[in-house]
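The basis for the numbers below is simple: all heavy atoms, side chains too, and nothing from hydrogens, waters or symmetry mates. Counting begins at 1 with the first residue of the sequence. Fair warning: this is a prediction, and the values are worked out from it, not measured in the lab.
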Amino acid sequence: LQHTIRYRLQQTDISDIRTNASRYIREQAGTTTNSSISQTFTWEDRDNKFAPTDGYFLQLVQEFAGIGGNTNYISHEVKGGYYIPFGDQW
């Protein structure tokens with residue numbers, strides 16, 4: 001089991017939007033600042049991270065934005081993978 005904590009500060013500027021863009025895109029114009037903290041839990045049983053031949057991994061990521069900046073959200077993400085061989089030569 002691995003646990004990681006991260007802080008992210010990101011500033012995004014959306015500009016030069018085409019006049020025929022959707023209303024949703026045009027409403028996003030301007031500068032936003034995102035300040036967030038996240039944690040990741042990773043359960044891993046792969047024999048090799050970069051070229052696995054056996055095993056699995058499961059990852060849970062939770063992110064909370066709104067500790068500064070002008071964006072507010074809570075995000076949850078689950079990722080996973082399991083190695084399935086196609087044959088001995090693969």
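What you find for Ile74 and Phe64 is that their closest heavy atoms are CG1-CD1, 3.6 Å. In terms of heavy-atom proximity, Asn48 sits nearest to Phe50 at OD1-N, 2.8 Å. Here the closest heavy-atom approach between residue Gly69 and residue Ser35 is recorded as N-CB, 4.3 Å.
At a threshold of 4.0 Å, the pair Arg6-Glu63 does not count as salt-bridged, since none of the basic side-chain nitrogens sits closer than that to a carboxylate oxygen.
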- Task: Apply the test side chain to side chain contact (heavy atoms under 4.5 Å, CB included) to residues Leu58 and Thr42: give CA-CA distance (whole Å), side-chain angles for both, the deciding distance (0.1 Å), then the verdict.
- Result: CA-CA 6 Å; Leu58 181 62; Thr42 304; over 6 Å; no

- Task: Check the pair Thr4 / Gln2 against side chain to side chain contact (heavy atoms under 4.5 Å, CB included), numbers first and verdict last.
- Result: CA-CA 7 Å; Thr4 306; Gln2 180 183 6; 3.9 Å; yes

- Please test Gln59 against Thr40 for side chain to side chain contact (heavy atoms under 4.5 Å, CB included), starting from the C-alpha separation and ending with a verdict. CA-CA 7 Å; Gln59 194 172 64; Thr40 303; 3.5 Å; yes

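More than 12 heavy atoms of other residues, nucleotides or ligands shown are found within 6.0 angstrom of OH on Tyr7.
The CD atom of Gln62 lies 5.5 Å from the NE2 atom of His76; values are rounded to the nearest 0.5 Å. Taking CG of Asp54 as the reference point, atom CD1 of Ile84 lies at 11.5 Å (rounded to 0.5 Å). Atom OG of Ser22 is separated from atom CD of Gln28 by 9.0 Å, given to the nearest 0.5 angstrom.
Under the 3.5 Å distance criterion, with hydrogens and angles disregarded, a donor-acceptor pair is assigned to the side chains of Asp13 and Thr31. Checked by atom type, the side-chain pair Asn34/Tyr73 shows a donor-acceptor distance below 3.5 Å. Side-chain contact, Tyr56 with Glu44: no donor N or O sits under 3.5 Å from an acceptor N or O.
Glu27 pairs by the side chain to side chain contact (heavy atoms under 4.5 Å, CB included) definition with Arg23, not counting sequence neighbours. Shown here are the salt bridge (Lys or Arg N to Asp or Glu O under 4.0 Å) partners of Arg18, two or more places apart in sequence or in another chain: there are none.
No single ILVMFWY cluster, assembled from side-chain heavy atoms under 4.5 Å apart, contains both Leu60 and Phe57. Under the 4.5 Å side-chain contact rule for hydrophobic residues, Ile17 and Tyr24 share a cluster. In this structure, Leu1 is a member of the same hydrophobic cluster as Val78, with clusters built from ILVMFWY side-chain heavy atoms closer than 4.5 Å.
The closest donor-acceptor contact from the side chain of Arg8 to the backbone of Ile37 lies at 3.5 Å or more, if one exists at all. The main-chain N or O of Thr53 is found under 3.5 Å from a side-chain atom of Asp47 such that the two form a donor-acceptor pair.
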